[in-house]
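Structure first, commentary second.
Hydrogens, waters and symmetry mates play no part in the numbers below; they use all other heavy atoms, side chains included.
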Amino acid sequence: MKNDQIYDLEQKYMNKMQLRANCVDPNVLIAEIARAGGKTDGIVAPRIIRVAESMPGEVSFLIHKTYVALMTNIVPNIRAVFNTPTAGGRPLLEEGVHYVVGVKNLPSHFKKPRRPISNPQHSIVFCTGHVLMLVSSDMPESSAGISAVHAFIEEMKLQKGEKLKSRIFPALRGAPMNIRQSPYYLGITGVTDTARIDLGEDCWYEEYEQNMDMDVIADIVTASLHHDRALRKIYD
């Protein structure tokens, strides 16, 4: 299909790692990728959009070691991805229309979150009512008493696995039956570059590698290819 024939299909570039991650798209997705490999823009941001659409009205956590790192690095990168122009010149997501950051009074067209937003200044809210709550793993009490349906973890190597597993992961818990049907329900999306043990960094996330089932992954990839070919036929 020539470029001038494409109207509602978007052309996107992904490197091989991003392509694999978005094709398989498992419930638990942990990526140990070199610096500048495209972890946030190629894995985290697209997954945030899918999770917000799949589980409307619920809460997810966006976790880093500190709030400073979240507010000065991670959130601006995510907003930059959302604001990326599409082929038609419109942003991928329009701020104030599809999502808001740090806003207490939501736009009237937004669906209401199922629970009140506890920290609006530290939240990204989508028009589906999904709340992405910023959480500092150095202050795990910030998530106390809150039930979440998914956890996004940035720079896993800088955070202590035992603290996350004992203080934050237990907050991934119950939701209505329709939400439990989401493939992302109680899942984890974690990205990091390789830990330097000599510098005291923690490679705790590598224990999840033993849970990989390569046969299932191969089946998912095969099914994805058939699915995409079918969609292309319908479009053509």
State plainly whether the residues [X] and [Y] are in salt-bridge range, i.e. N to O under 4.0 Å.
X	Y	answer
Lys157	Asp193	yes
Glu53	Arg50	no
Asp228	Arg232	no

Tell me if a side-chain donor or acceptor on [X] pairs with a main-chain N or O of [Y] at a distance below 3.5 Å.
X	Y	value
His122	Gly102	no
His130	Gly57	no
Thr84	Val81	yes

Looking at every non-hydrogen atom in both residues, tell me the closest pair between [X] and [Y] and how far apart they are.
X	Y	answer
Val125	Phe110	O-CE2, 3.5 Å
Leu186	Asn27	O-OD1, 3.9 Å
Lys163	Ser137	CD-O, 3.0 Å
Lys160	Gly200	NZ-O, 3.3 Å
Leu70	Val135	CD1-O, 3.6 Å
Arg47	Leu29	NH2-CB, 3.7 Å

Sequence neighbours excluded, which residues qualify as side chain to side chain donor-acceptor pair (under 3.5 Å) partners of Asn73?
Asn77
Are Tyr99 and Glu95 close enough that a side-chain donor and a side-chain acceptor fall under 3.5 Å?
yes
Going by atom types only, do His64 and Ser136 share a side-chain donor-acceptor pair under 3.5 Å?
no
Derivation of the side chain to side chain contact (heavy atoms under 4.5 Å, CB included) call for Met212 and Gln210:
CA-CA 6 Å; Met212 282 202 308; Gln210 65 187 354; over 6 Å; no
Per side chain to side chain donor-acceptor pair (under 3.5 Å), Glu154 is matched among Thr189, Thr192, Thr40 by Thr40
Can Val24 be reached from Ile30 by stepping across I, L, V, M, F, W or Y side chains whose heavy atoms are under 4.5 Å apart?
no
